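Numbering of residues begins at 1 and proceeds along the displayed sequence. Note that the structure is predicted; figures quoted are calculated from it, not measured.
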Amino acid sequence: MLTRKQHELLMFIHERIKETGVSPSFDEMKEALDLASKSGIHRLITALEERGFLRRLAHRARALEVVKLPQQATTAAPAKGRQAFKPQVVEGDNKGPTETPVVAEARELPVLGRIAAGTPIDAIQHERDRIVVPESMLGAGDHYVLEVQGDSMINAGIYDGDYVVIRKSDSANSGEIVVALVMGEEATLKRLRRKGGSIALEAANPAYETRIFGPDQIQVQGKLVGLIRRYH
């Protein structure tokens with residue numbers, strides 16, 4: 001998973017090497033990304049190296065090699081015997097250099113913060129970052145991204161540190177994984193179940209209990225449509 005600036009820099013370096021056979025200078029990269037200093041470029045290159053997208057070549061000036069490019073999302077198979085979230089995970093391959101296009105159609109989405117107890121989504125005023133997400137993951141509607149904190153949904157394939165892609169919605173069907181605002185104070189990512197006149201928020205981890213609420217205590221703020229995971 002790459003941030004917008006990481007994605008822009010990787011593609012700028014890739015295109016420049018394709019055109020000239022030489023990676024761009026730090027000044028050229030700074031100008032292309034409209035950054036105030038070269039220190040920002042150093043941080044971006046380090047992050048791309050750590051994620052396996054770039055490699056510095058020793059004993060050569062301006063020597064950067066693009067190891068791989070991000071690929072489109074892949075869809076995991078649903079779990080048997082129950083309605084399951086079908087995560088679409090954005091990741092790169094590890095097969096070495098490639099000239100496959102990154103994503104034909106993509107959209108930048110804001111990362112609004114962490115989905116954690118005590119943090120209502122509506123109260124987050126400033127986005128932390130932006131992430132490029134394939135259109136194939138999204139569909140119609142408005143979307144945003146949240147960073148997962150905790151292990152309450154691990155049996156649904158959602159882990160601490162993952163980024164979940166959420167389609168804005170104020171309603172959901174029973175069995176869908178949602179961002180729910182509980183009593184106007186606590187935002188949580190759980191599977192919603194309707195049981196008579198009550199609403200249950202189910203974790204996907206037996207260590208956590210199912211919580212039952214009245215219909216006026218829960219406000220749906222979005223439905224889970226995708227998952228972005230970093231591999232270090």
Item to complete: Could you walk me through whether Leu64 and Arg56 pass the side chain to side chain contact (heavy atoms under 4.5 Å, CB included) test, one step at a time?
Response: CA-CA 5 Å; Leu64 292 172; Arg56 298 184 203 235; 3.7 Å; yes
[X] to [Y] - nearest heavy-atom pair and separation:
| X | Y | answer |
| --- | --- | --- |
| Ala203 | Ser152 | CB-O, 3.4 Å |
| Leu189 | Ile115 | N-CG1, 3.7 Å |
| Ala200 | Ile212 | CB-CD1, 3.4 Å |

Tell me whether Glu147 is salt-bridged to Arg114, with the criterion being a basic N under 4.0 Å from an acidic carboxylate O. yes
Query raised in the report: Are the charged groups of Glu176 and Arg167 less than 4.0 angstrom apart, N to O?
Result: no
Separation between CE (Met153) and CD1 (Ile158), nearest 0.5 Å, reads 4.5 Å
Taken to the nearest 0.5 Å, the spacing of Arg43 CZ from Leu9 CG works out to 12.5 Å
Got more than 12 heavy atoms from elsewhere within 6.0 Å of CD, Glu31?
no
Under the 3.5 angstrom rule, does the side chain of [X] hit a backbone N or O of [Y] as a donor-acceptor pair?
| X | Y | answer |
| --- | --- | --- |
| Arg55 | Val67 | no |
| Asn205 | Ile154 | no |
| His7 | Val132 | no |

Quick check: do Leu44 and Met29 have side-chain heavy atoms less than 4.5 Å from each other? no
* Asked: Is there a side-chain contact between Glu28 and Arg16 (heavy atoms, below 4.5 Å)?
  -> yes
